[in-house]
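First the structure, in the form of structure tokens, and then the observations on it.
None of these values were measured; they are calculated from a predicted model. Order of the sequence lines fixes the chain letters, A, B, ..., with proteins taken first and strands second; residue numbering starts at 1 for each chain.
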Amino acid sequence: MKIATFNVNSINGRLTNLLQWLDEARPEVACLQEIKCTNAAFPRKTLEAAGYGAVWCGQGPHHGVAILARDVDPIETRRSLPGNSADREARYVEAAVSGVLIGCLYLPNGNPQPGPKFDYKLDWFERLIAYAAELKQTGAPVVLAGDYNVVPTDTDIYAMRSWRTNALVQPEPRAAFVRLLSLGWTDALRKLHPDDVMYTFWDYLRHSWSRDAGMRIDHLLLSGSLAQRLVAAGVDRNVRGLANASDHAPAWVEVRD
DNA sequence: ATGACCGCTGGAAGCGGA
């Protein structure tokens, strides 16, 4: 079973790229972030024609998440992260697919920092950690996949010089990421590729793609029972180099059925 | 490196992104 995560940066603006990637990579599950559309504007029929059922949580011009599943309809289990009923941003959706619980998340960017947006990021992270602890205790096979907006270590970024004050590399979110892992979650790409450069994002600015000035901010975290089934993990880098590309590339894991 | 690049809304220029 192949499970992928892909920040598409507008699902309707990226539909051709998305369909081409689905056709080539053929993931059983695809977690999407930044779909940037209302619930009504989600391209359900087009994806269905391509063989993918979907659940989605849209919001209009920003944010928005979705889970696609090949040949089946995902069974929606959540459409927000618990812990703050006043939080209206569309950043979490969850569904069961073929016996695996899929959490698709879009963690707040947090810039500029310090400031209210950074506080919101850290608060959201705390809620995620609390909920991840609950999920872990169930013992169910779970993947928490998405755009975490955290560069875990300095080896996950091409250079620190121009990013040192950026919210993506600050000690607080990095410590939160470590704390999340320490609950018993496995960073799948790092587990199988401990020393490799595995960037998932290249800024549109400064010719970042052609210089390979990237960073790893999209992650797939596996619960214990799912981590034991992990057989492969990677990044579909080529997707970033295509015409009209998102600034992110898909990351994926393969787990034994 | 004050900058750039992209997508959205609205129908210009500003916001959000990372």
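- Using atom P as the reference point in both B:dC6 and B:dG10, the two lie 23 Å apart (nearest Å).
- Going from atom NE2 of A:H62 over to atom C1' of B:dC8 covers 7 Å, rounded to whole Å.
- Aromatic ring pairs are classed by plane angle as parallel below 30°, tilted from 30° to 60° and perpendicular above 60°; the pair A:Y92 and A:Y131 is perpendicular.
- Comparing atom distances between the A:R14 side chain and each of B:dT9, B:dG17, B:dG7 picks out B:dG7 as nearest.
- Taking the charged nitrogens against the carboxylate oxygens, A:D196 and A:R216 have no contact shorter than 4.0 Å, which rules out a salt bridge.
- With both ends at atom C1', the span from B:dG7 to B:dA12 equals 16 Å, rounded to whole Å.
- The shortest heavy-atom contact between A:L221 and A:W185 is O-CE3, 3.7 Å.
- Side-chain N/O atoms of A:H63 include one lying less than 4.0 angstrom from OP1 or OP2 on B:dG17.
- Here A:I75 contributes atom CD1 and A:I67 contributes atom CD1; the two are 11.5 Å apart, rounded to the nearest 0.5 Å.
- A:W163 has its CH2 atom 10 Å from the C1' atom of B:dG17, to the nearest Å.
- In this structure, the CG atom of A:N12 is 10 Å from the P atom of B:dT9, given to the nearest Å.
- Nucleotide B:dG7 holds its P atom 5 Å from the OH atom of A:Y204, rounded to whole Å.
- Atoms CZ (A:R164) and C1' (B:dA1) sit 17 Å apart, rounded to a whole Å.
- Nearest to the side chain of A:L205, among B:dG17, B:dG7, B:dC5, sits B:dC5.
- Nucleotides B:dC8 and B:dG3 place their P atoms 23 Å apart, quoted to the nearest Å.
- Nearest nucleotide to the side chain of A:R206, out of B:dG16, B:dT9, B:dA4: B:dA4.
- Rounded to a whole angstrom, the distance from the C1' atom of B:dG17 to that of B:dA4 is 14 Å.
- Put simply, CG on A:N149 is 9 Å from C1' on B:dG17, counting in whole angstrom units.
- At B:dA1, none of the side-chain N or O atoms of A:S162 fall inside 4.0 Å of OP1 or OP2 (strictly under the cut-off).
- For B:dG16, one of the phosphate oxygens OP1 or OP2 lies less than 4.0 angstrom from a side-chain nitrogen or oxygen of A:K117.
- Proximity note for A:R161 (side chain, C-beta onward) versus B:dA1, B:dC8, B:dG16: the nearest is B:dA1.
- With B:dT9, B:dA1, B:dG7 as the candidates, the nucleotide lying closest to the side chain of A:N244 is B:dG7.
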Inset, instruction - Check step by step if side-chain contact (heavy atoms from CB on, under 4.5 Å) holds for A:D156 and A:M215. - result: CA-CA 5 Å; A:D156 292 308; A:M215 56 188 88; 5.9 Å; no
